[in-house]
Amino acid sequence: MGLSSRTVQIKIKSSGDVFHELWKTDPHQVPSLTPTTIQNCQTHEGEVGTVGSVLFWNYFHDGKDCVSKTQIMEIDEGKKLITFKLLEGDLTELYKTFIIHVHVDTDGSNNLVTWTVEYEKLNPNVPDPDTLMEFYEKVTKDIETHHLKN
């Protein structure tokens, strides 16, 4: 089984630059913006906003509390792209490889958030991460709602 990918794109009315900066420099604020999906984010290694830093997440997915440990693999300011690689957590029970790309396209008031997941299943019976794509869409919409209110 090789690497597969899934993508979801979400148009947002809030600032794409603010969305990118949130994930890059202040992911600890994400739980306060979307508390029904992400409950906690802690830095385990390195400095937030730098490649190599490791973050520990508590989140609610598919009706259960889950955890994950991710490492920031890439930050591309020009493309407004951040790449996280899963190191540990509940998803490692399903996937051998799990990489998350968060990309923001900004064009005036038109902003598009693209979540792309690259993954390799541990076996053919493992489902594709479609419910996770819905999860990322909800997280994006929750953050947008918060930013539009403030």
Side-chain angles (χ1 to χ4, degrees), residues 1-12 14 16-105 111-147:
M1 289 180 282
L3 222 52
S4 300
S5 68
R6 288 283 191 272
T7 300
V8 63
Q9 293 185 314
I10 307 108
K11 290 181 182 175
I12 60 172
S14 60
D17 291 334
V18 170
F19 190 90
H20 171 70
E21 285 297 315
L22 173 69
W23 287 98
K24 183 185 94 176
T25 61
D26 211 4
H28 303 95
Q29 292 300 316
V30 172
S32 67
L33 307 179
T34 181
T36 60
T37 48
I38 299 176
Q39 286 77 42
N40 191 26
C41 174
Q42 297 175 346
T43 303
H44 271 225
E45 294 176 30
E47 187 176 323
V48 175
T50 62
V51 171
S53 62
V54 175
L55 301 171
F56 185 83
W57 302 87
N58 295 85
Y59 61 100
F60 190 76
H61 174 250
D62 277 349
K64 65 177 190 169
D65 289 320
C66 301
V67 296
S68 70
K69 186 186 277 190
T70 61
Q71 183 175 36
I72 296 178
M73 301 302 292
E74 177 185 13
I75 298 172
D76 186 326
E77 284 301 316
K79 294 180 181 177
K80 293 186 179 83
L81 170 73
I82 302 171
T83 301
F84 299 90
K85 180 179 181 181
L86 180 70
L87 302 176
E88 297 175 15
D90 292 280
L91 293 175
T92 60
E93 296 172 11
L94 302 172
Y95 305 101
K96 180 180 179 179
T97 304
F98 202 84
I99 300 168
I100 306 157
H101 305 276
V102 184
H103 175 238
V104 180
D105 282 312
N111 298 292
L112 184 66
V113 176
T114 303
W115 293 84
T116 302
V117 173
E118 295 178 82
Y119 61 96
E120 184 176 358
K121 299 176 182 182
L122 285 175
N123 66 64
N125 299 323
V126 170
D128 291 316
D130 295 329
T131 60
L132 279 164
M133 303 317 288
E134 294 168 6
F135 172 88
Y136 297 133
E137 186 171 1
K138 179 172 180 1
V139 166
T140 302
K141 287 297 188 180
D142 286 350
I143 292 169
E144 174 192 37
T145 299
H146 175 82
H147 284 149

Exercise for review: For Lys24, look at atom NZ and say whether over 12 heavy atoms of other residues, nucleotides or ligands are found less than 6.0 Å away.
Suggested key: yes
Check your understanding: Would a 4.5 Å heavy-atom cut-off, applied to side chains only, mark Lys121 and Tyr95 as touching?
Key -> yes
Practice item. Identify the two heavy atoms, one from Thr37 and one from Val139, that lie closest to each other, and give their separation to 0.1 Å. Key: OG1-CG2, 3.5 Å
Point to revise | Close side-chain approach of Glu118 to Thr97, heavy-atom, < 4.5 Å | key: no
Exercise for review: Take Trp23 and Val113, measure what side chain to side chain contact (heavy atoms under 4.5 Å, CB included) needs, and give me the verdict at the end.
Suggested key: CA-CA 12 Å; Trp23 287 98; Val113 176; over 6 Å; no
Review point. Just wondering, do Lys138 and Thr36 contact through their side chains at under 4.5 Å, heavy atoms?
Key: yes
Point to revise | pair Val48-Pro27: side-chain heavy atoms closer than 4.5 Å | key: yes
Practice item. Could you tell me which non-hydrogen atom of Pro35 sits nearest to which non-hydrogen atom of Leu33, and how far apart they are? Key: CD-C, 3.5 Å
Review point. In terms of ring plane angle, is the pair Trp57 and Phe84 parallel, tilted or perpendicular, where the classes change at 30° and 60°?
Key: perpendicular
Practice item. Supply the atom-to-atom distance Lys85 NZ to Lys69 NZ, rounded to the nearest 0.5 angstrom. Key: 14.0 Å
Check your understanding: Under 4.5 Å between any side-chain heavy atoms of Val67 and Asp90, yes or no?
Key -> yes
Review point. Which heavy atom of Thr50 sits nearest a heavy atom of Ser53, and at what distance?
Key: O-OG, 3.0 Å
Study note, to complete from the structure: So CD of Glu21 and CG of Asp26: to nearest 0.5 Å the spacing works out to 9.5 Å
Study note, to complete from the structure: d(Ile99 CD1, Thr83 OG1) to nearest 0.5 Å is 8.0 Å
**Study point:** Asn111 side-chain N/O to Ser14 backbone N/O, donor-acceptor pair under 3.5 Å
**Key:** yes
Check your understanding: Side-chain contact, heavy-atom cut-off 4.5 Å: His101 with Leu81?
Key -> yes
Exercise for review: Please lay out, stage by stage, how Leu86 and Tyr119 fare under the test side chain to side chain contact (heavy atoms under 4.5 Å, CB included).
Suggested key: CA-CA 10 Å; Leu86 180 70; Tyr119 61 96; over 6 Å; no
Practice item. Taking the side chain as every heavy atom from C-beta outward, state whether Cys41 and His28 have any pair of such atoms under 4.5 Å apart. Key: yes
Exercise for review: Carefully, step by step, assess Tyr59 and Ser68 under the rule side chain to side chain contact (heavy atoms under 4.5 Å, CB included).
Suggested key: CA-CA 8 Å; Tyr59 61 100; Ser68 70; 3.9 Å; yes
Practice item. Considering non-hydrogen atoms only, spot the tightest contact between Gly52 and Gln71 and give its length. Key: O-NE2, 3.1 Å
Check your understanding: Rounded to the nearest 0.5 Å, how far apart are CG of Leu22 and NE2 of His146?
Key -> 9.0 Å
Point to revise | Parallel, tilted or perpendicular: ring planes of Tyr136 versus Trp115, cut at 30 and 60 degrees | key: parallel
Exercise for review: Evaluate the criterion side chain to side chain contact (heavy atoms under 4.5 Å, CB included) for residue pair Glu144 and Thr140; output intermediate values, then yes/no.
Suggested key: CA-CA 6 Å; Glu144 174 192 37; Thr140 302; 5.6 Å; no
Point to revise | Flag if over 12 foreign heavy atoms under 6.0 Å of CD, Glu77 | key: yes
Practice item. Check Ile72 against Gly49 and note the closest heavy-atom contact, atom names and distance. Key: CD1-N, 4.4 Å
Practice item. Give a yes or no on this: more than 12 heavy atoms of other residues, nucleotides or ligands lie within 6.0 Å of atom NZ of Lys141. Key: yes
Practice item. Would you give the length of the straight line joining atom CZ of Phe135 to atom CG of Asp130, rounded to the nearest 0.5 angstrom? Key: 15.0 Å
Point to revise | Steps toward side-chain hydrogen bond (donor to acceptor under 3.5 Å, both in side chains) verdict (Thr131, His61) | key: CA-CA 8 Å; Thr131 60; His61 174 250; 3.0 Å; yes
Review point. Atom CG in Asn40, atom OG in Ser32: separation rounded to 0.5 Å?
Key: 11.0 Å
Point to revise | Sole residue of Val8, Leu91, Ile100 in side-chain contact (heavy atoms from CB on, under 4.5 Å) with Leu132 | key: Leu91
Check your understanding: Do Thr7 and Thr114 come within less than 4.5 Å of each other through their side chains, counting heavy atoms only?
Key -> yes
